[in-house]
Amino acid sequence: MSKHGWLRGAVSLAALVPASLALAQDAAAPEALPAEVAAAADTIPAAATVIGQDLNLWVLILHASIPVQLVMALLVLGSIASWMIIFRKKAQLDGARRSADQFEEKFWSGVDLSAMFREATKPERSIGGLEAIFEAGFREFARLRQKRGVDTRTQLEGAQRAMRAQLSREMDDLEHNLEFLANVGSISPYVGLFGTVWGIMISFQGLANVKEATIATVAPGISEALVATAMGLFAAIPAVWAYNRYATKVERMNSRYEAFAEEFSSILQRQSHAEEH
């Protein structure tokens, strides 16, 4: 090979090296993403943030449909009324138990019945429970005893009727509003379920306008609907517990009142026989 031919081959080889390096770099570089895919990838964190922010109780309630909001409002009102009744009924039953304990302690201490009756009938006093039953029975017994020609049996039966009537009034007062607790406890879950069914129905109807249904599309509506069921259970559970507890206490007080009425009737009967003899 001549000297000039060797120089021309070296120059050609040197020119091919940069071109080969450029091709290798282009092959190693990743392909560019389409503009739509890149934009979608950029919006994924933002969408996840919005969904995470929407999973809030107040937001779910405010974004719910009008019927579901009405159901929630009804359940909230029922829950508030139930808690008010629960606290008032507890104070009432505790007061009735303390009053019965105090009266029975005084009654069985040997105090004169006429003196107890005069104290119970003072104008400034407000009586209830066992003391009211005692006052009603002794009042009727004393009234019939003052009449001429009324035998002992009639006097005793009159006193018993008066005590039964007063006992019925006392029990009506203790049982007041227990029916409301029972209704809230039994109806609230179904009211909440109605709100849930309605909300899910609205959510699925909204899918008709969406080309591609995803979990992000359905989840907010279903979450709003399930809040109604949760609120129904929140209103029902305390009401059922309170009704069962207070109904048992009222039944115990009823048994206690009836036992006292029977014992007081026996005392009046012995007193009548003692006066006859």
Side-chain angles (χ1 to χ4, degrees), residues 50-99 128-129 167-208 210 213-257:
V50 172
I51 293 174
Q53 292 176 352
D54 286 344
L55 293 179
N56 182 281
L57 181 60
W58 295 111
V59 174
L60 293 176
I61 294 174
L62 294 176
H63 288 178
S65 60
I66 298 299
V68 178
Q69 288 181 347
L70 292 177
V71 168
M72 293 179 182
L74 181 63
L75 292 173
V76 169
L77 292 177
S79 179
I80 293 174
S82 297
W83 280 106
M84 292 177 62
I85 293 173
I86 287 172
F87 289 122
R88 290 181 179 179
K89 189 60 62 176
K90 182 181 185 303
Q92 182 185 17
L93 291 174
D94 290 345
R97 180 182 55 81
R98 288 193 300 268
S99 177
L167 189 150
S168 179
R169 287 190 288 269
E170 295 296 326
M171 293 309 302
D172 288 341
D173 186 51
L174 292 179
E175 292 174 350
H176 184 61
N177 287 329
L178 285 183
E179 182 181 358
F180 181 83
L181 292 179
N183 290 333
V184 171
S186 60
I187 295 176
S188 292
Y190 297 103
V191 175
L193 183 60
F194 169 77
T196 298
V197 172
W198 187 275
I200 293 176
M201 180 180 65
I202 296 299
S203 298
F204 280 108
Q205 284 183 348
L207 295 180
V210 180
T214 62
I215 189 65
T217 306
V218 182
I222 296 179
S223 299
E224 296 166 3
L226 291 176
V227 173
T229 298
M231 294 179 69
L233 295 176
F234 179 79
I237 292 174
V240 172
W241 173 83
Y243 173 78
N244 293 332
R245 180 175 177 83
Y246 293 157
T248 302
K249 287 188 175 183
V250 169
E251 185 64 28
R252 290 176 181 173
M253 293 302 300
N254 183 42
S255 300
R256 190 171 182 178
Y257 289 170

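Note: hydrogens, waters and symmetry copies are ignored here, and every other heavy atom, side chains too, is used.
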What heavy-atom pair brings [X] and [Y] nearest, and what distance separates the two atoms?
X    : Y    : result
S99  : G128 : OG-O, 4.2 Å
G78  : F180 : O-CE2, 4.3 Å
L178 : Y243 : O-CD1, 3.2 Å

Which value, rounded to the nearest 0.5 Å, describes the distance between [X] atom [atom1] and [Y] atom [atom2]?
X    : Y    : atom1 : atom2 : answer
I200 : L226 : CD1   : CG    : 5.5 Å
S79  : I86  : OG    : CD1   : 8.0 Å
N177 : M84  : CG    : CE    : 10.0 Å
R88  : I85  : CZ    : CD1   : 8.0 Å
N254 : R252 : CG    : CZ    : 13.0 Å
I80  : L75  : CD1   : CG    : 11.0 Å

Please say whether more than 12 non-hydrogen atoms of neighbouring residues, nucleotides or ligands are located less than 6.0 Å from CZ in R245.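 Not buried by this count: 12 neighbours or fewer within 6.0 Å.
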Could you tell me whether Y257 atom OH has more than 12 heavy atoms of other residues or ligands within 6.0 Å of it? yes
Output yes when a side-chain donor or acceptor of [X] lies under 3.5 Å from a complementary backbone atom of [Y], and no otherwise.
X    : Y    : result
S188 : V184 : yes
N244 : V240 : yes
K89  : E175 : no
E170 : M253 : no
K90  : Y246 : no

Would you indicate whether the side-chain heavy atoms of R97 and R256 approach each other to under 4.5 Å?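 Yes, at least one pair of side-chain atoms sits under 4.5 Å.
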Do L74 and M231 come close enough that some side-chain heavy atom pair is under 4.5 Å?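 Heavy-atom side-chain distance check fails, nothing below 4.5 Å.
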Using the side chain to side chain contact (heavy atoms under 4.5 Å, CB included) criterion, which residues pair with F194? Sequence neighbours excluded. V71, W198
